[in-house]
Amino acid sequence: EAGVAQSPRYKIIEKRQSVAFWCNPISGHATLYWYQQILGQGPKLLIQFQNNGVVDDSQLPKDRFSAERLKGVDSTLKIQPAKLEDSAVYLCASRPLGRGTRDTQYFGPGTRLTVL
Amino acid sequence: DAKTTQPNSMESNEEEPVHLPCNHSTISGTDYIHWYRQLPSQGPEYVIHGLTSNVNNRMASLAIAEDRKSSTLILHRATLRDAAVYYCILRDVDDMRFGAGTRLTVKP
(Lines give C-alpha, C1' and ligand atoms only; values in the text may rest on other atoms or scores of the structure.)
Protein backbone atom coordinates (compact mmCIF):
# COMPACT_ATOMS: atom_id res chain seq x y z
CA GLU A 1 0.00 0.00 0.00
CA ALA A 2 1.44 3.37 -0.98
CA GLY A 3 1.92 5.80 1.87
CA VAL A 4 1.11 9.48 2.18
CA ALA A 5 3.00 11.43 -0.46
CA GLN A 6 4.17 15.00 -0.02
CA SER A 7 6.02 17.42 -2.25
CA PRO A 8 8.30 19.18 -2.37
CA ARG A 9 10.49 17.65 0.36
CA TYR A 10 12.45 20.86 0.84
CA LYS A 11 11.73 24.48 0.07
CA ILE A 12 13.73 27.64 0.72
CA ILE A 13 12.08 31.04 0.22
CA GLU A 14 12.56 34.59 1.34
CA LYS A 15 10.17 36.26 3.74
CA ARG A 16 7.07 37.77 2.18
CA GLN A 17 7.16 35.24 -0.66
CA SER A 18 4.42 32.66 -1.20
CA VAL A 19 4.76 28.89 -1.03
CA ALA A 20 2.50 25.88 -1.54
CA PHE A 21 2.76 22.31 -0.34
CA TRP A 22 1.00 19.32 -1.84
CA CYS A 23 -0.27 16.14 -0.18
CA ASN A 24 -1.68 12.95 -1.66
CA PRO A 25 -3.19 10.79 1.11
CA ILE A 26 -3.47 7.04 1.17
CA SER A 27 -6.11 5.88 -1.28
CA GLY A 28 -9.54 5.74 0.30
CA HIS A 29 -8.65 7.79 3.37
CA ALA A 30 -11.45 10.26 3.97
CA THR A 31 -9.75 12.29 6.69
CA LEU A 32 -6.68 14.43 6.03
CA TYR A 33 -4.63 16.55 8.41
CA TRP A 34 -1.95 19.20 8.06
CA TYR A 35 0.49 19.66 10.95
CA GLN A 36 3.28 22.17 11.55
CA GLN A 37 6.39 20.96 13.38
CA ILE A 38 8.86 23.57 14.56
CA LEU A 39 12.35 22.33 15.34
CA GLY A 40 12.51 20.67 18.76
CA GLN A 41 8.73 20.54 19.20
CA GLY A 42 6.02 18.01 18.51
CA PRO A 43 3.69 18.46 15.54
CA LYS A 44 0.84 20.92 15.93
CA LEU A 45 -2.43 20.45 14.06
CA LEU A 46 -3.23 23.21 11.58
CA ILE A 47 -6.31 21.89 9.81
CA GLN A 48 -8.39 18.73 9.45
CA PHE A 49 -10.52 17.77 6.46
CA GLN A 50 -13.14 15.09 6.14
CA ASN A 51 -13.58 14.43 2.44
CA ASN A 52 -13.54 17.98 1.02
CA GLY A 53 -15.01 19.69 4.09
CA VAL A 54 -13.11 21.40 6.90
CA VAL A 55 -13.64 19.75 10.32
CA ASP A 56 -11.23 21.86 12.39
CA ASP A 57 -9.16 24.87 11.37
CA SER A 58 -9.05 26.56 14.77
CA GLN A 59 -5.25 26.64 14.87
CA LEU A 60 -4.70 27.74 11.28
CA PRO A 61 -3.38 31.34 11.04
CA LYS A 62 -5.98 32.33 8.50
CA ASP A 63 -4.45 35.71 7.73
CA ARG A 64 -1.63 33.99 5.86
CA PHE A 65 -2.34 30.26 5.69
CA SER A 66 -4.96 28.60 3.51
CA ALA A 67 -5.71 25.00 2.63
CA GLU A 68 -8.02 23.21 0.30
CA ARG A 69 -8.93 19.67 -0.55
CA LEU A 70 -10.76 19.72 -3.82
CA LYS A 71 -12.58 16.52 -4.79
CA GLY A 72 -11.79 15.06 -1.37
CA VAL A 73 -8.45 13.56 -2.35
CA ASP A 74 -5.30 15.68 -2.76
CA SER A 75 -4.75 18.72 -0.61
CA THR A 76 -2.72 21.91 -0.88
CA LEU A 77 -1.49 24.10 1.97
CA LYS A 78 -0.44 27.64 1.07
CA ILE A 79 1.38 30.37 2.97
CA GLN A 80 1.12 33.92 1.66
CA PRO A 81 3.14 35.91 2.65
CA ALA A 82 5.66 33.81 4.57
CA LYS A 83 7.31 34.99 7.78
CA LEU A 84 10.56 33.87 9.37
CA GLU A 85 8.63 32.03 12.09
CA ASP A 86 6.95 29.84 9.47
CA SER A 87 10.21 27.89 9.11
CA ALA A 88 9.18 24.37 10.06
CA VAL A 89 8.36 20.93 8.72
CA TYR A 90 4.83 20.66 7.35
CA LEU A 91 3.40 17.20 7.78
CA CYS A 92 0.38 15.71 6.10
CA ALA A 93 -1.45 12.74 7.62
CA SER A 94 -4.51 10.72 6.69
CA ARG A 95 -6.76 8.04 8.09
CA PRO A 96 -9.80 6.13 6.93
CA LEU A 97 -13.25 7.22 8.04
CA GLY A 98 -13.79 5.25 11.20
CA ARG A 99 -13.72 5.51 14.96
CA GLY A 100 -11.66 8.66 15.32
CA THR A 101 -9.92 8.35 18.64
CA ARG A 102 -8.81 4.79 18.05
CA ASP A 103 -7.75 5.08 14.44
CA THR A 104 -4.17 5.33 13.37
CA GLN A 105 -3.03 8.41 11.54
CA TYR A 106 -0.55 7.78 8.73
CA PHE A 107 2.00 10.52 8.19
CA GLY A 108 3.91 11.58 5.12
CA PRO A 109 7.62 12.45 5.21
CA GLY A 110 6.93 16.18 5.46
CA THR A 111 8.10 19.29 3.65
CA ARG A 112 10.90 21.22 5.32
CA LEU A 113 10.38 24.96 4.79
CA THR A 114 13.14 27.48 5.43
CA VAL A 115 12.20 31.16 5.32
CA LEU A 116 15.18 33.52 4.98
CA ASP B 1 -7.03 19.20 27.40
CA ALA B 2 -5.52 16.23 29.15
CA LYS B 3 -1.73 16.57 29.15
CA THR B 4 1.15 14.12 29.27
CA THR B 5 4.58 14.39 30.86
CA GLN B 6 7.56 12.53 29.46
CA PRO B 7 11.30 12.71 30.15
CA ASN B 8 13.13 14.77 27.57
CA SER B 9 15.64 12.05 26.77
CA MET B 10 16.64 8.50 27.59
CA GLU B 11 19.49 6.23 26.65
CA SER B 12 19.56 2.50 26.12
CA ASN B 13 22.04 -0.13 25.07
CA GLU B 14 21.38 -2.14 21.96
CA GLU B 15 19.47 -5.41 22.51
CA GLU B 16 18.39 -4.39 26.02
CA PRO B 17 14.79 -3.62 27.02
CA VAL B 18 13.69 0.00 27.19
CA HIS B 19 10.89 1.36 29.37
CA LEU B 20 9.62 4.77 28.30
CA PRO B 21 7.37 6.36 30.94
CA CYS B 22 4.47 8.74 30.49
CA ASN B 23 2.46 10.47 33.20
CA HIS B 24 -1.09 11.58 32.50
CA SER B 25 -2.64 12.31 35.87
CA THR B 26 -5.59 14.24 34.42
CA ILE B 27 -6.66 11.50 32.02
CA SER B 28 -10.41 11.09 31.58
CA GLY B 29 -12.32 7.85 31.29
CA THR B 30 -12.72 8.16 27.52
CA ASP B 31 -9.10 9.04 26.67
CA TYR B 32 -7.19 6.50 24.64
CA ILE B 33 -3.43 6.39 25.22
CA HIS B 34 -1.51 6.43 21.94
CA TRP B 35 2.20 6.17 21.28
CA TYR B 36 3.83 7.36 18.10
CA ARG B 37 7.49 7.65 17.25
CA GLN B 38 9.37 9.86 14.84
CA LEU B 39 12.55 8.63 13.24
CA PRO B 40 15.02 11.25 11.98
CA SER B 41 13.77 13.13 8.91
CA GLN B 42 10.50 11.18 8.84
CA GLY B 43 6.92 11.78 9.84
CA PRO B 44 5.58 10.21 13.03
CA GLU B 45 4.53 6.57 12.87
CA TYR B 46 2.06 4.68 15.00
CA VAL B 47 3.47 2.36 17.63
CA ILE B 48 0.64 1.18 19.88
CA HIS B 49 -2.47 2.33 21.73
CA GLY B 50 -4.71 1.20 24.57
CA LEU B 51 -7.53 2.20 26.87
CA THR B 52 -7.34 0.21 30.11
CA SER B 53 -5.67 -3.14 29.52
CA ASN B 54 -2.05 -3.81 28.65
CA VAL B 55 -1.46 -4.24 24.94
CA ASN B 56 1.14 -6.05 22.87
CA ASN B 57 1.98 -5.87 19.19
CA ARG B 58 4.95 -6.70 17.02
CA MET B 59 6.65 -3.39 17.76
CA ALA B 60 6.16 -2.94 21.49
CA SER B 61 4.10 -3.46 24.62
CA LEU B 62 2.03 -0.88 26.45
CA ALA B 63 1.62 -1.21 30.19
CA ILE B 64 -1.16 0.95 31.65
CA ALA B 65 -1.35 1.62 35.38
CA GLU B 66 -4.49 0.45 37.14
CA ASP B 67 -5.56 4.05 37.85
CA ARG B 68 -4.60 4.99 34.27
CA LYS B 69 -2.60 7.97 35.47
CA SER B 70 0.58 6.65 33.91
CA SER B 71 1.69 4.26 31.21
CA THR B 72 4.93 2.74 29.98
CA LEU B 73 5.97 1.87 26.47
CA ILE B 74 8.22 -1.18 26.46
CA LEU B 75 10.61 -2.01 23.67
CA HIS B 76 11.71 -5.54 24.45
CA ARG B 77 15.05 -5.45 22.62
CA ALA B 78 16.17 -2.04 21.46
CA THR B 79 17.93 -1.83 18.13
CA LEU B 80 19.75 1.09 16.55
CA ARG B 81 16.71 1.60 14.33
CA ASP B 82 14.61 2.34 17.42
CA ALA B 83 16.46 5.62 17.98
CA ALA B 84 13.69 8.19 17.65
CA VAL B 85 11.49 10.67 19.48
CA TYR B 86 8.64 8.83 21.21
CA TYR B 87 5.36 10.66 21.81
CA CYS B 88 2.71 9.69 24.35
CA ILE B 89 -0.66 11.20 23.36
CA LEU B 90 -4.09 11.18 24.94
CA ARG B 91 -7.00 11.21 22.54
CA ASP B 92 -10.55 11.97 23.52
CA VAL B 93 -11.24 13.65 20.23
CA ASP B 94 -9.92 12.91 16.80
CA ASP B 95 -7.04 15.33 16.64
CA MET B 96 -3.77 14.49 18.33
CA ARG B 97 -1.98 16.94 20.65
CA PHE B 98 1.74 16.16 20.55
CA GLY B 99 4.10 17.19 23.36
CA ALA B 100 7.86 17.36 22.95
CA GLY B 101 8.25 13.60 23.48
CA THR B 102 11.22 11.55 24.70
CA ARG B 103 14.31 11.34 22.54
CA LEU B 104 15.64 7.78 22.77
CA THR B 105 19.29 7.19 22.03
CA VAL B 106 20.41 3.60 21.48
CA LYS B 107 24.07 2.84 22.00
CA PRO B 108 25.75 -0.05 20.20
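First the proteins, then the strands, lettered A, B, ... as listed; each starts at 1.
Heavy atoms of other residues, nucleotides or ligands lying less than 6.0 angstrom from CD of A:Q80 number 12 at most. For NZ of A:K71, the number of neighbouring non-hydrogen atoms (other residues, nucleotides, ligands) closer than 6.0 Å is 12 at most. Around atom CZ of A:R64, more than 12 heavy atoms belonging to other residues, nucleotides or ligands sit under 6.0 Å away. At most 12 non-hydrogen atoms from other residues, nucleotides or ligands lie less than 6.0 angstrom from CZ of B:R103. In this structure, A:D63 places its CG atom where more than 12 heavy-atom neighbours from other residues, nucleotides or ligands lie under 6.0 Å away. Around atom CD of B:E66, no more than 12 heavy atoms belonging to other residues, nucleotides or ligands sit under 6.0 Å away. Heavy atoms of other residues, nucleotides or ligands lying less than 6.0 angstrom from CG of A:L39 number 12 at most.
Put simply, the side chain of A:Y106 never gets that close to the backbone of B:Y46: no donor and acceptor are under 3.5 Å apart.
Expressed to the nearest 0.5 Å, how far NE2 of B:H34 lies from CD of A:Q105 amounts to 9.0 Å.
Contact of A:R112 with chain B is not made at all, since no heavy-atom distance falls under 4.5 Å. If you measure heavy-atom distances from A:Q6 to chain B, you find no contacts under 4.5 Å at all.
For the pair B:Q38/A:Q37, a side-chain contact is recorded, criterion being any heavy-atom separation below 4.5 Å from C-beta on. Contact of the A:P109 side chain with the B:S41 side chain is not registered, since no non-hydrogen atoms from C-beta on lie closer than 4.5 Å. The shortest distance between side-chain heavy atoms of B:Y36 and A:T104 falls below 4.5 Å.
In terms of heavy-atom proximity, A:P43 sits nearest to B:P44 at CG-CG, 4.1 Å. Considering all non-hydrogen atoms of both residues, A:L91 and B:G43 come closest at CD2-CA, 3.8 Å. Residues B:Y87 and A:Q41 share a closest heavy-atom pair of OH-O, 3.9 Å.
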